[in-house]
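Just so you know, these numbers use all the heavy atoms, side chains as well, and skip hydrogens, waters and symmetry mates. In the text below, chain A, chain B and the rest are named by the order of the sequence lines, each starting its count at 1.
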Number of protein chains: 2
Amino acid sequence: MGKKIISEAVVKRLPKYYRAVKHLSEQNVEKISSKHLAELLGITASQVRQDFCNFGGFGQQGYGYDVEKLKSELATIIGLDEQYNVVIVGAGNIGRALGGYQGFEKYGFKVQAMFDTNPIVDNVNGIKVYNMSQFGEYVQTHKTDMAVIATPKAAAQSVADTIIANGIKSIWNFAPIDLRIPDDIAIENISMSESLLVLSYRAKIKNK
Amino acid sequence: MGKKIISEAVVKRLPKYYRAVKHLSEQNVEKISSKHLAELLGITASQVRQDFCNFGGFGQQGYGYDVEKLKSELATIIGLDEQYNVVIVGAGNIGRALGGYQGFEKYGFKVQAMFDTNPIVDNVNGIKVYNMSQFGEYVQTHKTDMAVIATPKAAAQSVADTIIANGIKSIWNFAPIDLRIPDDIAIENISMSESLLVLSYRAKIKNK
DNA sequence: GGGTAATTGTCAAAAAAATAACTTGACAAA
DNA sequence: TTTGTCAAGTTATTTTTTTGACAATTACCC
């Protein structure tokens with residue numbers, strides 16, 4: 001499959017483009033130029049054009065980008081045209097907050113179930129909480145595509161191993177650890193502690 | 001103040017260094033070479049040395065880096081030698097999860113209070129929830145250094161404005177929006193929706 | 001103590017990313 | 001038609017980041 005490798009930097013901007021374009025669409029804006037879009041995101045017009053060019057380009061010279069078309073192209077690129085079934089592992093603080101996270105539904109993800117080694121509630125926001133021992137059986141029979149790791153650090157690697165062993169290919173990891181995973185698994189980390197330390201660093205610098 | 005500007009790429013690695021070195025310290029490891037540390041983080045030894053060199057370098061040729069010294073240098077650089085008082089704005093799903101977030105305490109941050117425009121609970125994990133109308137008065141009298149924005153998108157900018165107007169210089173933002181803030185304010189965003197879309201993109205690519 | 005291996009700090013080269021410049025097609029108005 | 005303008009797509013340049021190389025320094029062994 002001869003697909004071009006898109007750099008990490010570009011990939012990280014895709015959601016920003018999508019968000020901005022979605023907003024424009026909701027405002028019934030019909031077209032947008034690279035210059036104007038760049039201003040909205042605080043980047044350069046050149047970068048916008050170069051980024052879109054990576055995916056073939058979907059604008060019209062002298063006119064700009066058609067907002068609806070751009071939105072649907074971006075959605076396809078990002079994969080929002082597909083339906084993902086998601087399970088959440090860990091029903092603690094973070095897991096429960098994620099059970100109520102609107103973003104899943106908004107972008108077409110369906111949260112099927114939650115798992116915990118020691119469930120103290122049997123239901124979060126209408127999502128049933130199962131014992132972790134039932135994980136394998138569940139995901140084998142429910143076409144699960146993606147798993148969220150919301151466990152403590154100590155459990156995260158073994159949970160990841162279990163997830164992968166059961167054929168799930170995408171992991172959203174909230175545990176503060178770099179998981180060891182095979183190349184064919186998609187992973188994305190939300191590292192709150194790292195973010196907090198970056199903020200701490202910036203705060204210190206600014207107050208100097 | 002003649003301080004060198006540290007690139008964003010380096011800053012983002014600082015927490016990773018700190019985490020790794022802290023772990024080594026807990027294992028009673030006494031010294032570490034750039035080579036070994038690099039292996040732990042999955043980067044090159046050269047980059048480790050280059051990064052540390054930005055801050056003056058604290059290793060010893062032929063020996064390596066003393067773990068305790070490195071840990072304390074990194075803590076100082078990151079600002080963990082200072083105490084921050086924190087308030088959380090927004091007592092919904094995310095705000096409540098953050099009220100129970102262990103990371104604050106672990107890194108020396110003190111959560112003083114929470115605020116909500118319409119508090120439905122008066123206490124989260126022992127943290128008192130105030131009405132947003134009391135925000136100004138509270139932070140003026142409690143030496144608050146940092147605010148967390150855990151409100152819906154629509155409220156985020158005006159909350160940010162209020163935070164800044166009351167003299168708080170650091171913002172940890174969980175709302176899915178790029179806030180407009182002055183240059184002298186430190187900000188760090190946790191963008192769950194962007195992260196989820198990046199994962200969606202990667203999942204789609206990997207399954208091609 | 002002297003020789004050898006290890007490892008830093010730093011500089012230079014290479015690679016990657018961002019920005020700027022250029023070329024071309026599309027459209028509107030004359 | 002023709003022409004001027006706009007803005008995308010593309011190529012070139014600059015800047016930033018990463019990697020590679022090496023002299024200088026130190027620990028350790030004999």
Side-chain angles (χ1 to χ4, degrees), chain A residues 3-17 20-21 24 29-74 77 178 194 198 201-202 205, chain B residues 3-17 20-21 24 29-74 77 178 194 198 201:
Chain A
K3 59 182 184 313
K4 186 175 169 186
I5 285 148
I6 304 299
S7 85
E8 200 55 17
V10 176
V11 172
K12 287 261 164 69
R13 278 192 296 271
L14 289 175
K16 294 183 195 294
Y17 289 127
V21 171
L24 290 168
V29 176
E30 281 181 16
K31 67 166 183 170
I32 183 91
S33 68
S34 58
K35 187 181 168 198
H36 189 40
L37 185 53
E39 270 167 23
L40 292 177
L41 302 208
I43 59 179
T44 64
S46 187
Q47 188 163 56
V48 171
R49 294 202 296 276
Q50 196 145 66
D51 284 351
F52 291 171
C53 196
N54 279 306
F55 300 99
F58 6 81
Q60 190 169 42
Q61 290 163 335
Y63 176 85
Y65 299 88
D66 178 272
V67 170
E68 288 310 312
K69 181 168 179 221
L70 186 52
K71 183 181 155 201
S72 98
E73 290 278 2
L74 285 168
I77 291 165
D178 285 326
E194 286 179 19
V198 168
Y201 172 82
R202 292 208 186 111
I205 293 290
Chain B
K3 59 184 184 314
K4 184 175 171 188
I5 286 147
I6 304 298
S7 84
E8 201 55 17
V10 176
V11 172
K12 287 260 164 70
R13 279 193 295 271
L14 289 175
K16 295 183 196 293
Y17 289 128
V21 171
L24 290 168
V29 176
E30 281 180 17
K31 67 166 184 172
I32 183 91
S33 68
S34 59
K35 186 181 169 199
H36 189 176
L37 186 53
E39 271 166 22
L40 292 176
L41 302 207
I43 57 179
T44 64
S46 185
Q47 188 163 55
V48 171
R49 294 203 296 276
Q50 184 96 293
D51 285 351
F52 290 171
C53 193
N54 279 306
F55 300 99
F58 6 80
Q60 192 169 36
Q61 288 164 333
Y63 177 83
Y65 299 87
D66 179 272
V67 170
E68 288 310 312
K69 181 169 179 220
L70 185 52
K71 184 182 156 198
S72 101
E73 290 279 2
L74 285 169
I77 291 164
D178 284 326
E194 286 179 19
V198 168
Y201 172 82

Exercise. Taking NZ, NE, NH1 and NH2 as the nitrogens, is one of them in A/R202 or B/E8 under 4.0 Å from a carboxylate oxygen of the other?
Worked result: yes
For this session: Could you state the atom-to-atom distance from NZ of B/K31 to P of C/dA6 in whole Å?
Result: 11 Å
Exercise. To the nearest angstrom, how far is A/H36 atom NE2 from D/dA8 atom C1'?
Worked result: 17 Å
Problem set entry | Contact letters for nucleotides 15-24 of chain D, in which S counts primed atoms plus P, OP1 and OP2 and B counts the base, heavy atoms under 4.0 Å | --SBBBBB-B
For this session: State, to 0.1 Å, how close B/D51 and B/Y17 come at their nearest heavy-atom pair, and which atoms those are.
Result: OD2-OH, 2.6 Å
Exercise. Rounded to whole angstroms, how far apart are CZ on B/F55 and P on C/dG9?
Worked result: 13 Å
Problem set entry | Pi-cation contact, B/Y65 with B/K31 (under 6.0 Å, within 45°) | no
Exercise. Which pair of non-hydrogen atoms, one from A/V21 and one from A/V67, has the smallest distance, and what is that distance?
Worked result: CG1-O, 3.7 Å
For this session: Quickly work out the B/I32 CD1 to C/dT7 P distance and round it to whole Å.
Result: 10 Å
Exercise. Of all residues at least two apart in sequence or in a different chain, which pass the ring-ring contact (aromatic ring centres under 6.0 Å, His included) check with A/F58?
Worked result: A/F52
Exercise. Between A/D66 (CG) and D/dA7 (C1'), how many Å, whole number?
Worked result: 15 Å
Exercise. Under 4.0 angstrom, heavy atoms only, what part of the nucleic acid is B/Y65 near: base, sugar-phosphate, or nothing?
Worked result: sugar-phosphate
Exercise. Rounded to whole angstrom units, what separation is found between the NZ atom of A/K35 and the C1' atom of D/dG9?
Worked result: 18 Å
Exercise. At under 4.0 Å, does any side-chain N or O of B/S34 touch on OP1 or OP2 of C/dT8?
Worked result: yes
Exercise. Hey, mind stepping through B/Q47 and B/R13 against side-chain contact (heavy atoms from CB on, under 4.5 Å) and telling me if it holds?
Worked result: CA-CA 10 Å; B/Q47 188 163 55; B/R13 279 193 295 271; 3.2 Å; yes
Exercise. What nucleic acid atoms does A/F58 come within less than 4.0 Å of, heavy atoms only: base, sugar-phosphate, or nothing?
Worked result: sugar-phosphate
Problem set entry | Spacing between A/K12 atom NZ and C/dA16 atom C1', to the nearest angstrom | 15 Å
